[in-house]
Amino acid sequence: MLLIGWPVEVRTREGLILLAAGSFLLLNVTAGPVRWILSQAGLSPLIYAPNLLMLACVAWHTAAEPHTRGFSALTLIAWLAPVHAMVIGLLFLSPVQLAMGVYVLLPFWFGLSCGPVLLRRWRNISPFIGWFWLIAAGGVLANVVVTFPWEGFGYSVGNLEVDGSRQWYAGGGNKRLAGFSRASFDAAVQIQLLALLMVLACRSFTLRVLIWGLSLAAIYPTNSKGIMLVALIMTPIVLLQHRLPQSPLRVLPALFGVLALALPLSTLLFTFDSQFNDPKLASATFSFFDRLNRMWPEAWELLHGDGNLLLGRGIGGIGTGQTYFESSRFNAGDNLFMYWMVVYGLSAIPGFALILARTLRLRPLESPEQFRVYALVMATLIYGSMTNIVENAVFALVCGMVVRYLCSRPPRRPRMEPAHVC
């Protein structure tokens, strides 16, 4: 919908939001070479131009939305929640660490604030999805046979040393390929999410299978087990689509969400053992048991010992912000709910329960928009059970967008529209 009849100010603001989202995604799927080229030219600060544009969009849209749609309880909560987390953060963290936390979460705030615009203007976005997917997937597949010059380089921003393109290895010494992206897990996320959106828009079953198969082939060299799990679970859903019954589909997000929430909570009650005689099985499950036995228990200790169990330790109190300013206490969280529990404390659990209950409202077979959101919610909850997705740039935007959708008014039941792009 082009919204031609809307006021010029609204169309300008929404156009800026689309520009911010597009430039942000383009930079992320080409982050490796772009950061390398700009660094060679001494222009590294330009890397953050899309982030500044997103910040401007969040500020403008958040301030303007109550005037166009009315002030609601949801608006008040959306304003007070980050303010609360920043105030709590000032009690336990340095101001610069807090600022780093706000910066890292900027894509999430953008998705939370501007997500409705992105969904409403989907026809403007969908033509670019295939190109972004081609860059992300093609880059990894090319990386199988070509070593790119930007692999492993870094650069400085002020006093901070930043990875421009991460080079690292899986067990057995296999290099995790990132293609044109900044890191292998970034490439895997981009390929998976873009493939979901592309395949859902395809009429042809053969084309769906082809795109999905190429995506799996591109994800494999990244060695991202969490994304491979997402792909395997989502395969029958995205390939069969309307051949599946809706009732079982509707309960899946809540089930996966409850499991993801139960995993870190279980470490408060149990100690887990991971003794496998088979070396391959032990290697494949090592990261999972490392979370159960070390990371999540240490995250609870971080919250209890260096924060407030009920109110949290604020934005920046876990994850990337610690890397630079609190390295001795660093904890990645590696679980969507564990991350927010350290930020907001146990008081966040009712909010989690509400969001998971809201997933039951989704009726994926009733409209293309609901199917898109449903698929993104599923990917968020599956991958979020094992990964800190709100600090992954692209997934953070998606996470904010689906949270906003789930917390908004129940969607009307529109007739099916042919929103196909292939």
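Judged purely by distance below 3.5 Å, without hydrogens or angles, the side chains of Asn388 and Asn335 never pair a donor atom with an acceptor atom. Checking Glu151 against Asn143 by side-chain atom types alone, a donor-acceptor pair falls below 3.5 Å. If you check the side chains of Glu326 and Gln97, you find a donor sitting under 3.5 Å from an acceptor. Donor-acceptor pairing under 3.5 Å is lacking for the side chains of Ser215 and Gln192.
Side-chain atoms of Arg291 do not come within 3.5 Å of backbone N or O of Met295 as any donor-acceptor pair. In terms of modelled atom types and a separation under 3.5 Å, the side chain of Thr359 and the main chain of Leu356 share a donor-acceptor contact. Distance alone, capped at 3.5 Å, places no donor-acceptor pair between the Thr222 side chain and the Phe185 backbone. A donor-acceptor pair under 3.5 Å is formed between the side chain of Thr267 and the backbone N or O of Pro264. With Gln322 contributing its side chain and Asn331 its backbone, the two residues share a donor-acceptor pair below 3.5 Å. Here the side chain of Ser347 pairs a donor or acceptor atom with the backbone of Tyr344 at under 3.5 angstrom. Side chain of Glu391 to backbone of Leu105: no donor-acceptor contact under 3.5 angstrom is found. Listed for the Ser266 side chain is a donor-acceptor partner under 3.5 Å among the backbone atoms of Leu263. Remark: the backbone N or O of Arg361 is not paired with any side-chain donor or acceptor of Arg250 at under 3.5 angstrom. No donor-acceptor pair closer than 3.5 Å links the side chain of Arg182 to the backbone N or O of Gly32.
Heavy atoms only, all atoms of each residue included: Ile211 and Cys202 are closest at CD1-SG, 3.9 Å. Smallest separation of non-hydrogen atoms from Tyr103 and Pro107: O-CD, 4.1 Å. Between Leu249 and Pro253, the shortest heavy-atom distance links the atoms O-CD, 3.3 Å. The two residues Ile315 and Val102 have their closest heavy-atom pair at CG2-N, 3.5 Å. Considering all non-hydrogen atoms of both residues, Ala136 and Val29 come closest at CB-CG1, 4.4 Å.
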Asp186 and Asn392: CA distance, side-chain angles, deciding distance, side-chain hydrogen bond (donor to acceptor under 3.5 Å, both in side chains) verdict: CA-CA 7 Å; Asp186 287 332; Asn392 178 287; 3.0 Å; yes

Could you go through Trp36 and Phe180, starting from their C-alpha distance and side-chain angles, then the distance that decides it, and tell me whether this counts as ring-ring contact (aromatic ring centres under 6.0 Å, His included)? CA-CA 11 Å; Trp36 182 64; Phe180 299 132; over 10 Å; no

Going through the checks in order, is the side-chain contact (heavy atoms from CB on, under 4.5 Å) test met by Phe256 and Ile233? CA-CA 11 Å; Phe256 279 106; Ile233 293 173; 3.8 Å; yes

With side-chain contact (heavy atoms from CB on, under 4.5 Å) as the test, would you mind laying out the steps for Val96 and Phe325 before giving the verdict? CA-CA 8 Å; Val96 288; Phe325 305 106; 3.8 Å; yes

Assess whether salt bridge (Lys or Arg N to Asp or Glu O under 4.0 Å) is satisfied between Arg329 and Asp306, documenting all intermediate values. CA-CA 9 Å; Arg329 299 175 181 175; Asp306 298 293; 3.4 Å; yes

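Atom OH of Tyr220 has 12 or fewer heavy atoms from other residues, nucleotides or ligands within 6.0 Å.
Taking CG of Leu252 as the start and CG of Leu381 as the end, the distance is 10.5 Å to the nearest 0.5 Å. To the nearest 0.5 Å, the span separating CG on Asp290 from CH2 on Trp296 amounts to 10.0 Å. The CD1 atom of Ile37 sits 11.5 Å away from atom OG of Ser44, with the distance rounded to the nearest 0.5 Å. Rounded to the nearest 0.5 angstrom, Leu214 CG and Met198 CE are separated by 9.5 Å. The line from CD1 of Ile17 to CZ of Arg120 is 8.5 Å long, rounded to the nearest 0.5 Å. The distance from atom OG of Ser126 to atom CG of Leu200, rounded to the nearest 0.5 Å, is 12.5 Å.
The shortest distance between side-chain heavy atoms of Trp150 and Arg35 does not fall below 4.5 Å. Inter-residue side-chain proximity for Leu118 and Leu397 is flagged as met; some heavy-atom pair is nearer than 4.5 Å. Between Lys175 and Thr147 the shortest side-chain heavy-atom distance falls below 4.5 Å. Residues Pro364 and Gln370 are not in side-chain contact: their nearest non-hydrogen atoms beyond the backbone lie 4.5 Å or more apart. Looking only at side-chain heavy atoms (C-beta outward), Leu55 and Trp109 stay at 4.5 Å or farther from each other. A heavy-atom distance below 4.5 Å is found between the side chains of Ser23 and Leu53. Between Gln190 and Trp133 the shortest side-chain heavy-atom distance does not fall below 4.5 Å.
Separation of the Phe110 and Phe24 ring centroids does not fall under the 6.0 Å cut-off.
The aromatic rings of Phe371 and Tyr374 sit perpendicular, their planes meeting at an angle over 60°, well past the 30° parallel limit. Under the 30°/60° scheme for interplanar angles, the aromatic rings of Trp340 and Phe108 are found to be tilted.
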